[in-house]
A.B. asks: 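Starting off with a structure, shown below.
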2 protein chains.
Amino acid sequence: MAKRVARSSVKRLSTVEKKALILKSAEKVFARQGLKGSRLFEIANEAGLPKANLLYYFESKEDIYRAVCRDILETWLGALGEISADDNPKKAIENYIKSKMDLSFSRPNASKVFALEIIAGAPVIGDYLEKDLKSWVDRQASVFKVWQSRGEMVSISPQHVFFMIWAVTQTYADFNTQITAVLGVKEIGAVDYSSAIDTVTEVILTGLRMK
Amino acid sequence: MAKRVARSSVKRLSTVEKKALILKSAEKVFARQGLKGSRLFEIANEAGLPKANLLYYFESKEDIYRAVCRDILETWLGALGEISADDNPKKAIENYIKSKMDLSFSRPNASKVFALEIIAGAPVIGDYLEKDLKSWVDRQASVFKVWQSRGEMVSISPQHVFFMIWAVTQTYADFNTQITAVLGVKEIGAVDYSSAIDTVTEVILTGLRMK
DNA sequence: GTCTATACAACGATAGAC
DNA sequence: GTCTATCGTTGTATAGAC
């Protein structure tokens, strides 16, 4: 049976497209109150689908949530890459900060879902943190140690360097409500965006004494 | 009728003490999933009280939540003080970072409730952000501008300086699950605590080029 | 594959005995 | 002031017609 591609109606979407629509809508809803604070009908409304339809494509609310988390982790890891000891240290950190800031501005809801999950104690992605993320950080840490031994970076715990970079880059997504309130603007515009990147990059590179 | 002070049983607590117990328990519960993700019976269990008892002391779940938020904001504002242009810039920022880090380690749940509230779009404390917090930041910003004109601080947007300081100090409370996972420890110990303060202070002061 | 109707469990809040 | 019982509502999930 031939499947038609998307037209004006949501009903015309293929299975794959509909699953993607549900996940996109779910990410937006979960970004406000997390798993326990979100309702299936909110996701359904957001997607423009009847509630029961969601449970045809996914087993349960938790199943949707797990799929959203998987999707976010893939984007995260995929976009961040690996830093090598041969890289130019300053350029490498600069690129890393840029990537993280871009993610914060392009997918703020993904960042918020991640934040809510961590604050809740990482019941779903705890394993990822302890295995994949930890070993990724451990690998980068050994690179930082090489740079530090060459005097190309101040000698502080590489782990804490990452905690700080993650914190300042993600704050522009997660705490954007606070930021717009303090700046007295309705939303973070293109100007604030590039000014934020410059400021963060400048302060961190200087703070790490990178030449 | 004479009231007895607290003994072993929760029942012996005075009205004031019992309200405080409820708020303390509620803060812990709200710190995991926010307002909508938390259940009254969870707060009741945490406090060791029957559910209906909570609704004798407070009108509703939202009422408890608002009281928790008020409590947190008072602590926040009270602990942070004001910085004056006459202060020694480096010492002032150092003290500010120290205060914020102390708050993160002494009241991590308060920090988490605050974070969840902001991520949710600040439905309850939005007013505080736009008025009290904004004017506080605006006052500090004029102090920073004086320092910057004297060459005692790098010339970047004072607002973004605060965004960065808040982000790195609060990350040790809010994202402590991620931090312990990456460090491979069960909890952030006294050693990590002071190492975190030193690292954060060092990087930020250097990053702001404070002499 | 879609959607209505509904079963069933969870939850907030109240009534009323003590 | 405390606590049990319970009401009314909301929310997840399923059954079954189309």
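So you know, we letter chains A, B, ... as the sequences are listed, proteins then strands, and number each from 1. These numbers were taken from a predicted model, which means no experiment stands behind them.
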A.B. asks: So, OP1 or OP2 of D/dG1: does either fall under 4.0 Å of a side-chain N or O from B/Y57?
C.D. replies: no
A.B. asks: Can you tell me which residue pairs pass the salt bridge (Lys or Arg N to Asp or Glu O under 4.0 Å) test with a partner in residues 195-207 of chain A, sequence neighbours excluded?
C.D. replies: A/E202-B/R209
A.B. asks: Measure from CZ on A/R39 to C1' on D/dT9 and round the result to the nearest Å.
C.D. replies: 12 Å
A.B. asks: Do the ring planes of A/F144 and A/F162 sit parallel (below 30°), tilted (30 to 60°) or perpendicular (above 60°)?
C.D. replies: parallel
A.B. asks: CG of B/D63 versus C1' of C/dG12: gap in Å, rounded?
C.D. replies: 13 Å
A.B. asks: So, does A/T75 use its side chain to make a donor-acceptor pair with the main chain of A/D71 at under 3.5 Å?
C.D. replies: yes
A.B. asks: For D/dT2, does OP1 or OP2 lie under 4.0 Å from any side-chain N or O of B/K18?
C.D. replies: yes
A.B. asks: Pick out the pairs of N or O atoms, protein on one side and nucleotides 14-18 of chain C on the other, that lie under 3.5 Å.
C.D. replies:
none

A.B. asks: Give a yes/no answer on whether the side chain of A/T15 brings an N or O atom under 4.0 Å of OP1 or OP2 in C/dG1.
C.D. replies: yes
A.B. asks: To the nearest Å, give me how far apart OH (A/Y56) and P (D/dT14) are.
C.D. replies: 15 Å
A.B. asks: Hey, mind stepping through A/I97 and A/I165 against side-chain contact (heavy atoms from CB on, under 4.5 Å) and telling me if it holds?
C.D. replies: CA-CA 7 Å; A/I97 293 173; A/I165 294 178; 4.1 Å; yes
A.B. asks: Report the distance from atom CZ of B/F58 to atom P of D/dT2, rounded to the nearest whole Å.
C.D. replies: 13 Å
A.B. asks: Please check this pair: side chain of B/E46 against backbone of B/V29, looking for a donor-acceptor N/O pair closer than 3.5 Å.
C.D. replies: no
A.B. asks: To the nearest angstrom, how far is B/E62 atom CD from C/dA13 atom C1'?
C.D. replies: 13 Å
